[in-house]
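Count residues from 1 along the sequence.
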Amino acid sequence: MTTTPAPATQTYHLFIRATPQQIWDALTQPEHSARTCSARSSRPPATVGYAVSVPLPDRTALWGDDTVLDADPPHRLVVSYRGLYNPDLATEPASRVTWQIEPDQDGVCLLTVVHDHSTTPNTAARVAGPGWMRVLSGLKTHLETGTALNA
């Protein structure tokens, strides 16, 4: 049996009933991200070059480390991504995640997330499909209902 490798670029689109600023705050403010991004308990502020270490929920080790590569509040945030929670991912170079927030109609925004993995096949495989969809579903659930998807 052969397996198909995860695509080097993964793109996700979802509509969220929230303003661009609400989505931006959920991505960049630590008080929101613990409820929206599963294990992540903090996110980087929107300052280019800012580096942040993201601890596991129990704070015994690091989940990952990110650096803000580009920011245009509240419409675009680009960060590096390194998953330190898994030894196979921790040895790979950083990949890139782009969050694009576009107002649509009636208080809804289109959020597009692009994760580029050109040199990170293990990361691409780990976050493909359900990996990112859990994070994005958590973000949408929190913004639209005020409750966390995960306990």
Undergrad: Evaluate the side chain to side chain contact (heavy atoms under 4.5 Å, CB included) criterion for residues Val68 and Thr47: first the C-alpha distance (whole Å), next the side-chain angles of each, then the deciding distance (0.1 Å), finally the verdict.
TA: CA-CA 6 Å; Val68 176; Thr47 305; 5.9 Å; no
Undergrad: Between Tyr12 and Val79, is there a shared hydrophobic cluster once you connect ILVMFWY residues whose side-chain heavy atoms come closer than 4.5 Å?
TA: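 In one cluster: yes.
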Undergrad: Is the side chain of Gln10 donor-acceptor paired with the backbone N or O of Asp116 at a distance under 3.5 Å, no angle test?
TA: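 Such a contact is absent between Gln10 side chain and Asp116 backbone.
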Undergrad: Could I get the full list of salt bridge (charged side-chain N to carboxylate O under 4.0 Å, His left out) partners for Arg76, not counting sequence neighbours?
TA: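 Asp70.
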Undergrad: Any heavy-atom pair between the side chains of Asn122 and Leu89 that's under 4.5 Å?
TA: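 Sidechains of Asn122 and Leu89: in contact.
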Undergrad: Do Arg126 and Asn86 come within less than 4.5 Å of each other through their side chains, counting heavy atoms only?
TA: yes
Undergrad: When you measure from the side chain of Thr91 to the backbone of Asp88, do you find a donor-acceptor pair of N or O atoms at a distance under 3.5 Å?
TA: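 Yes: the side chain of Thr91 pairs with the backbone of Asp88.
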Undergrad: Examine distances only and state if a side-chain atom of Gln22 and a backbone atom of Thr19 form a donor-acceptor pair shorter than 3.5 Å.
TA: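 Side chain of Gln22 to backbone of Thr19, a donor-acceptor pair under 3.5 Å: yes, one is there.
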Undergrad: Scan side-chain atoms only and decide if Ser95 and His115 contain a donor-acceptor pair under the 3.5 Å cut-off.
TA: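 Yes, a side-chain donor-acceptor pair sits under 3.5 Å.
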Undergrad: Between Val113 and Leu136, is there a side-chain heavy-atom distance shorter than 4.5 Å?
TA: yes
Undergrad: State whether the side chain of Gln100 and the backbone N or O of Leu111 hold a donor-acceptor pair below 3.5 Å, judged by distance alone.
TA: no
Undergrad: Test your reading of the model: is there a side-chain donor-acceptor pair from Arg17 to the backbone of Leu143, 3.5 Å cut-off?
TA: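 Not at all, since once roles are kept as given, no pair shorter than 3.5 Å links the two residues.
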Undergrad: For Trp132 and Tyr81, take the angle between the two ring planes, folded into 0 to 90°, and tell me which bin it lands in: parallel under 30, tilted 30 to 60, perpendicular over 60.
TA: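 Tilted.
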Undergrad: Look at the side-chain heavy atoms of Ile, Leu, Val, Met, Phe, Trp and Tyr, link any pair under 4.5 Å apart, and say whether Val114 and Leu69 land in one connected group.
TA: no
Undergrad: Is any side-chain heavy atom of Thr112 closer than 4.5 Å to one of Thr11?
TA: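 Thr11 reaches Thr112 side chain to side chain.
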Undergrad: Roughly how far, to the nearest 0.5 Å, is the CG atom of Leu110 from the CD1 atom of Ile101?
TA: 10.5 Å
Undergrad: Is it the case that one hydrophobic cluster holds both Tyr50 and Trp24, taking links as side-chain heavy atoms less than 4.5 Å apart, direct or via other members?
TA: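 The answer is yes; both residues are in one hydrophobic cluster.
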Undergrad: Check Pro73 against Ala71 and note the closest heavy-atom contact, atom names and distance.
TA: CD-C, 3.7 Å
Undergrad: Any chance you could measure Glu102, atom CD, to Ile23, atom CD1, to the nearest 0.5 Å?
TA: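 Rounded to the nearest 0.5 Å, the CD-CD1 separation comes out at 10.5 Å.
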Undergrad: Roughly how far, to the nearest 0.5 Å, is the CG atom of Leu149 from the CG atom of Leu139?
TA: 10.5 Å
Undergrad: Any donor and acceptor pair, going by atom type alone, linking the side chain of Lys140 with main-chain N or O of Phe15 inside 3.5 Å?
TA: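 Present.
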Undergrad: With the side chain counted from C-beta on, respond yes when Pro93 and Thr119 share a heavy-atom pair under 4.5 Å apart, and no when they do not.
TA: yes
Undergrad: Residues in side chain to side chain contact (heavy atoms under 4.5 Å, CB included) with Ala94, at least two apart?
TA: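 Side chain to side chain contact (heavy atoms under 4.5 Å, CB included) list for Ala94, sorted by chain: Ser80, Arg82.
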Undergrad: Any idea which heavy atoms bring Pro20 and Pro103 closest together, and the distance?
TA: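 Of all heavy-atom pairs spanning Pro20 and Pro103, the closest is CG-CG, 3.8 Å.
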Undergrad: Side chains of His117 and Thr123: do they bring a donor and an acceptor to under 3.5 Å?
TA: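 Result is no, nothing qualifies.
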